[in-house]
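Residue indices begin at 1 and follow the sequence shown. Side chains included, hydrogens not; waters and symmetry mates left out as well; all remaining heavy atoms used. Every number for a ligand or one of its atoms is a count from 1 in the order of the listing.
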Amino acid sequence: MAEVIFDHVTRIYPGNDKPSVDDLNLDIKDGEFLVLVGPSGCGKSTTLRMLAGLEEVNKGRILIGDKDVTTMQPKDRDIAMVFQNYALYPHMTVADNMGFALKIAGTPKDEIRKRVEKAAEILDLTEFLDRKPKALSGGQRQRVAMGRAIVREPKVFLMDEPLSNLDAKLRVQTRTQIAALQRQLGVTTLYVTHDQTEALTMGDRIAVIKLGILQQVGAPTELYDRPANVFVAGFIGSPSMNINTHPVVDGKAKVGEDTIDLPKDAVAKLTPEDNNEIIVGFRPEDATLATPDDENAFSLKVVNVEDLGSDGYIYGNILSDDAVSDDHNAMMSDQNKLTTIRVNPRALPQVGDVVKIKINPAKMHLFAPSTELRIN
Ligand SMILES: Nc1ncnc2c1ncn2[C@@H]1O[C@H](COP(=O)(O)OP(=O)(O)OP(=O)(O)O)[C@@H](O)[C@H]1O
Ligand SMILES: [Mg+2]
C-alpha cells in the first residue's frame, strides 16, 4: 500500500499548445479511494496514464509511496489498471484470464492458483473459474477484469471508467461492489469517471477537473455543500444546482421583479469588477413554495411539472417584465436552463401557474461574477 503524490504535474501532448493536465497537485492518501471526475476531454485519462507510466510527464514529479516514479517503466511501478475496454482473452478460461499477468511475470503455478482462487472468492466468481468469457454476463466479465488487477496485489489500483460498458442497472450494482471491495482490500485507488453520481457514491474524496485544471478536492459532502466555484457547483449534484446572475440593489439580489436578502459579508466581498452583480446558486431541494405575500421570495412561472411518486419537480422561468409576455420563449427554452424546484408530489402546482419560491438562506451558494469563486 502507498500514498500517491502528483507534484506540479503537467502534460502537453506533442503538437498541442495547451497542457492537457496543467500543474496538477494532488495527494492520494494510503488506502484512499479517490475519484477524478470532470467532463469529456478535461484530462482525466491523461492524469491516470501518467501515473501508470503510459504517458510522459513534461513538468513536475509523481511519487508512489515516497518513491519518485516520474521516469520509471510502467512494469516497475507496482500498479494495476482496469480500463473501460477490459478485453478478456476469449480462448482462455476465467482463471487463466485472471492469472495471465502473473504467468507472464514468471510467478510459480501454485502461487498463481492460490491468488486467483482468493480473488475469485472475493469477487464471487469461484463457480465460473473454468468457464470462457463468452459464457458470462456483462457484470461477471467486469468482475473478471477486476480480478486480473486484484491478483497482482499492487500498491495502487487505477480504474478508467470501468463501468461504462455496463447497462444502467448493472452499473449501480457494480459501483457498490467496487467501492466495498476497495475498502476491504485497502489498496490506494485512483478512479476516473465523468459521472458525478459515481463520484459522489464511491469516493472517499473527489477531485474535480476542468480543462486540465484541478478545481476542488474534498469529501463528497464538502463538494456538494460548499462548492468552491461555479463550475463545481453546476457539475456536482443531480438535478443540478440552479445558478443565475442577478443585479445587486441595496444589498439584495434582484430576482426577476422581486428581491431576496443576501448576507452582508458576502455582498461586501464583491468588487467593482463584479459590476453590481452576484451569482446566486441553490439546489432544487433547498427552496420551497412560499405564500404570495412573502417578502423574501421570487416569482416563478411554471412551464413543466414532474411527479416521480417520491418527489415532485417543477420547472419554471423566473418572472421578470420581459419574460411575462414571452410564453413562447418559455415553452421553447431548454429544460436545463429552467429553474428547478423540488416540491411535495402531492401538492404540485399546475403548468402556467405563477408561484412564489423561497430559497433556504442557509443553503444559498454565492459567487462573484468576475472570478466565479465562492464568496459565502
Ligand atoms: N495522444 C494525444 N495527443 C494529443 N492530444 C491528446 C492526446 N490524448 C489526449 N489528448 C487531448 O488531451 C485532452 C485530455 O484528454 P483525456 O483523454 O485525458 O480526457 P478525458 O478527461 O479522459 O476525457 P474522456 O472523459 O472523454 O475520456 C483532450 O483535449 C484530448 O484531445
Ligand atoms: Mg478518458
Side-chain angles (χ1 to χ4, degrees), residues 4-28 33-62 64 69-71 73-74 77 79-87 142 145-146 148-149 156-168 171-172 174-175 178 182 189-203 205-218 220 223 227-238 240 336:
V4 171
I5 296 171
F6 288 87
D7 178 21
H8 295 283
V9 169
T10 297
R11 173 63 178 149
I12 307 176
Y13 285 104
N16 289 6
D17 46 0
K18 276 204 171 149
S20 293
V21 173
D22 195 354
D23 195 29
L24 174 68
N25 288 302
L26 186 62
D27 186 345
I28 311 171
F33 194 126
L34 189 120
V35 178
L36 188 58
V37 68
S40 183
C42 71
K44 304 179 297 291
S45 296
T46 303
T47 302
L48 195 101
R49 290 169 58 80
M50 283 191 290
L51 176 53
L54 301 172
E55 212 63 74
E56 192 188 330
V57 175
N58 298 107
K59 266 186 253 164
R61 300 183 308 156
I62 298 177
I64 300 179
V69 301
T70 314
T71 56
Q73 287 298 311
R77 297 193 183 200
I79 49 158
M81 274 184 95
V82 183
F83 293 98
Q84 173 181 343
N85 297 312
Y86 45 80
Q142 201 283 340
M146 288 292 300
R148 281 199 304 210
V156 185
F157 282 135
L158 306 183
M159 303 187 197
D160 195 346
E161 312 241 8
L163 306 183
S164 38
N165 285 346
L166 305 180
D167 66 43
R171 215 155 47 215
V172 172
T174 313
R175 79 175 183 225
I178 291 182
Q182 191 276 341
T189 301
L190 179 58
Y191 183 102
V192 162
T193 179
H194 62 269
D195 179 344
Q196 60 84 35
T197 310
E198 262 179 41
L200 283 173
T201 52
M202 295 177 83
R205 284 190 308 154
I206 302 173
V208 181
I209 187 167
K210 175 198 174 192
L211 295 173
I213 298 173
L214 187 63
Q215 304 290 308
Q216 187 174 6
V217 188
L223 268 65
N229 59 36
V230 173
F231 178 78
V232 176
F235 191 78
I236 298 287
S238 174
S240 51
N336 294 322

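- Distance remark: protein heavy atom present below 4.0 angstrom from atom 3 (N) of ligand 1.
- Residue contact annotation: T46 places no N/O/S atom under 2.8 Å from the Mg ion (ligand 2).
- Shown here for N16 and I12, the closest heavy-atom pair between the two residues is O-CG2, 3.5 Å.
- Taking all heavy atoms of K44, H194, K210 into account, the minimum distance to atom 25 (O) of ligand 1 is reached by K44.
- Counting protein heavy atoms only, atom 12 (O) of ligand 1 is closest to S20 OG, 2.7 Å.
- What sits closest to atom 9 (C) of ligand 1 on the protein, heavy atoms only, is Y13 CE1, 3.3 Å.
- Residues Y191 and E198 have side chains that bring a donor and an acceptor to within less than 3.5 angstrom of each other.
- Below 3.5 Å of separation, one finds an N or O of G43 facing an N or O of ligand 1.
- Residue T46 has at least one heavy-atom neighbour below 4.0 Å for each of these atoms of ligand 1: 14 (C), 15 (O), 16 (P), 18 (O).
- When all heavy atoms of I62 and T70 are compared, the closest pair comes out as N-OG1, 3.0 Å.
- Checking each of L223, V217, L26 against R205 for a side-chain contact (heavy atoms from CB on, under 4.5 Å) leaves exactly one that passes, namely V217.
- Across P162 and V82, no two heavy atoms sit closer than the pair CB-CG1, 3.9 Å.
- With respect to V192, the side-chain contact (heavy atoms from CB on, under 4.5 Å) criterion is satisfied by exactly one of L34, V35, L48: L48.
- Among all protein heavy atoms, the one lying closest to atom 5 (N) of ligand 1 is N16 ND2, 3.2 Å.
- Taken from CE in M50 to CG in L24, the straight-line distance is 6.5 Å, to the nearest 0.5 Å.
- Nearest to atom 22 (O) of ligand 1 by heavy-atom distance, out of G15, G41, G212, S45, is S45.
- For atom 26 (O) of ligand 1, the nearest non-hydrogen atom of the protein is S40 OG, 2.5 Å.
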